[in-house]
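Report on the following structure.
Read the numbers this way: they start at 1 and go in the same order the structure lists the ligands and their atoms.
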Amino acid sequence: MMVIADHPITAKAHTNIALVKYWGKLDNQLIIPQNDSLSLTLDEFYTQTTVQFLPELSADEVIFDNERLSESASKRVRTFLDHVRQLAGINFHARVITKNFVPTAAGLASSASGFAALAGAASRAAGLNLNRRDLSRLARRGSGSATRSIFGGFAAWQQGQDDATSYAYPIDEQPTWDIAVVALVLNAKQKKISSRVGMRLAVETSPFYSAWIKASQADFETVKTAIQNEDFELLGHTSEQNAMRMHALTLSSDPNFTYFNADSIQAMNMVKELRLQGISCYFTMDAGPNVKIICQGADAERIRCYFQSSFGQDQVLVTRSGTGISISN
Ligand code: DP6
C-alpha cells in the first residue's frame, strides 16, 4: 500500500549537457521527443529539492533559492505536482523547497536538474516507490532534458512513441576515461527564447527539420560507438557538429533567431584555435549564449587558463562527469 511520507524527502540531481541534442517534440503534452538524445551528467551543477505533502496546506508552496515563488512562476511545478498526486491517488498540497547549486549566479541553472530532483523528491514523498526508468519517465513530464538527469555519466533518452516507452537509460554511468567540460558563462543581454518555444518553432517552421532528425539519429549512433570505444575525437567532433545542426534550426525558423551572442562566436573561434595548436577540444551550446567545451581531463587546466584570460576568472568553470539522482529515505 502507498503511504505518504510523514517527513520531508530530499533529492539531489545533477544537470546534464547534451552531446546529441533533443530539439523538437512529437507530443507537446507528454513531452515525447522527435529524436533520441544523449548526454553527460555534470558533477558541479546540481539541484537539491525537498518535498512534503501536508494536510494543513491549502495550496502548493514553492520556495526557490530562499524565495517564495508567485502563482505564475510556480505554474510548471504545480502542474507537475498535480501529475504526481494523480499517480499516487492523493490530494494533499505540497511544500517544495528547492535550491540550485551552481558556482556563479548566471546562466547555468537548468530545468534538467530541477525537474529530475523534483520528480525524485515528490514521488517518494507521495508514497510512490519508482524505479529509475519510471523516475525518468516522470521527470520527462516536467522537462525533456530532465529525463536524462536521473542517471550519471553518459545517459541516453530513447525517443519511444508514448508515455510508457519514452525514457532514459544509462550508457556508462562511471566513465573510466577522463572527460571534462569547461563551461563559459557568457551573459545573455537579449530576451531569451525558451527551449520550449524555440524547438516548437523549429518543428513548425524550419524547412530543415526533417534533415535534422535524420542527422541527429546518425549522430546518436556515432556518439554511442565513440563512448563504447573511448574515442574522444569521434565523440567531440560529432557532438560539435550536432550542436551546430541544432542551432541551424534556429536560424532557419520563422521568425528566425539565434542563441549565439558575440562572445559565443569568439569562444567557438578560440576552441578552433586551440585545436590548431594541437589541443583536442570541442564546443557545444544549448538554448542560451553559454559555450561548453568538451575536453580530456588532462587538458582542462590549460583550456581554463586560456579562456580565463579573455572572459575573466568567474566566467570559466571546470566540471567532470557526475552521478545520478540520490533520494533520502
Ligand atoms: C538545447 O528540456 O529545456 O538543452 O522539454 O520543453 O522543457 P522542455 O525543453 P528542455 O530542452 C533542452 C534543449 C537542449 C538540448 C538537450 O538538453 O537535449
State the atoms of ligand 1, each with its element, that fall below the 4.0 Å cut-off from a heavy-atom position in Lys25.
5 (O), 6 (O), 8 (P)

Do any heavy atoms of Ser111 fall under 4.0 Å from ligand 1?
yes

Shortest protein heavy-atom distance from atom 7 (O) of ligand 1, along with the residue and atom involved:
Ser143 OG, 2.6 Å

Hey, is ligand 1 close enough to Gly144 that some N/O pair sits below 3.5 Å?
yes

Give yes or no for whether the N/O distance cutoff of 3.5 Å, strictly under, is met between Ser195 and ligand 1.
yes

Checking contacts here: is it the side chain or the backbone of Arg148 that comes within 4.0 Å of ligand 1, counting heavy atoms only? Could be both or neither.
side chain

Counting each atom of ligand 1 from 1 as listed, which ones have a heavy atom of Met199 under 4.0 Å away?
9 (O), 11 (O)

Hey, are Ser113 and Thr15 close enough side-chain-wise for a donor-acceptor pair under 3.5 Å?
no

Does Trp23 come within less than 4.0 angstrom of ligand 1, counting non-hydrogen atoms of the residue?
yes

Can a side-chain donor-acceptor contact be found between Asp162 and Thr165 if the only test is distance below 3.5 angstrom?
yes

Please work out, at 4.0 Å between heavy atoms, whether the side chain, the backbone, both, or neither of Arg140 comes within that distance of ligand 1.
neither

Looking only at distances, please establish whether an N/O atom of ligand 1 is found under 3.5 Å from an N/O atom of Ser37.
no

Heavy atoms only: give me the nearest Phe257-Thr250 pair and the separation to one decimal.
O-OG1, 2.9 Å

For Ser145, the ligand 1 atoms whose distance to one of its heavy atoms is below 4.0 Å
2 (O), 3 (O), 10 (P), 17 (O)

Closest non-hydrogen protein atom to atom 13 (C) of ligand 1, residue and atom name please, with distance?
Tyr22 O, 3.6 Å

Any side-chain donor paired with an acceptor under 3.5 Å for Glu230 and Thr176?
yes

Looking at ligand 1, would Arg141 count as a contact under a 4.0 Å heavy-atom criterion?
no

Between Thr47 and Asn100, a side-chain donor and acceptor under 3.5 Å
yes

Would you call Asp60 and Arg85 a salt bridge, using N to O less than 4.0 angstrom?
yes

Can you establish whether the number of heavy atoms outside Glu56 located under 6.0 Å from its atom CD is more than 12?
yes

Which residue and non-hydrogen atom of the protein lie closest to atom 1 (C) of ligand 1, and at what distance in Å?
Asp286 OD1, 3.5 Å

Determine whether a donor-acceptor pair (N or O, by modelled atom type, separation under 3.5 Å) exists between the side chain of Arg95 and the backbone of Leu54.
no

Mind running side chain to side chain contact (heavy atoms under 4.5 Å, CB included) on Lys12 and Ile325 for me, showing each step along the way?
CA-CA 6 Å; Lys12 176 179 167 182; Ile325 191 168; over 6 Å; no

Which ligand 1 atoms does Arg76 reach within 4.0 Å, using its non-hydrogen atoms?
7 (O)

Minimum heavy-atom distance Ser328-Pro8, with the two atoms named:
OG-O, 4.4 Å

Show the atoms of ligand 1 that are less than 4.0 angstrom away from any heavy atom in Arg196.
5 (O), 6 (O), 7 (O), 8 (P)

Considering all heavy atoms, the nearest Val203-Lys25 contact
CG2-N, 4.0 Å

Note: ligand 1 atoms sitting under 4.0 Å from heavy atoms of Ala18 are 16 (C), 17 (O), 18 (O)

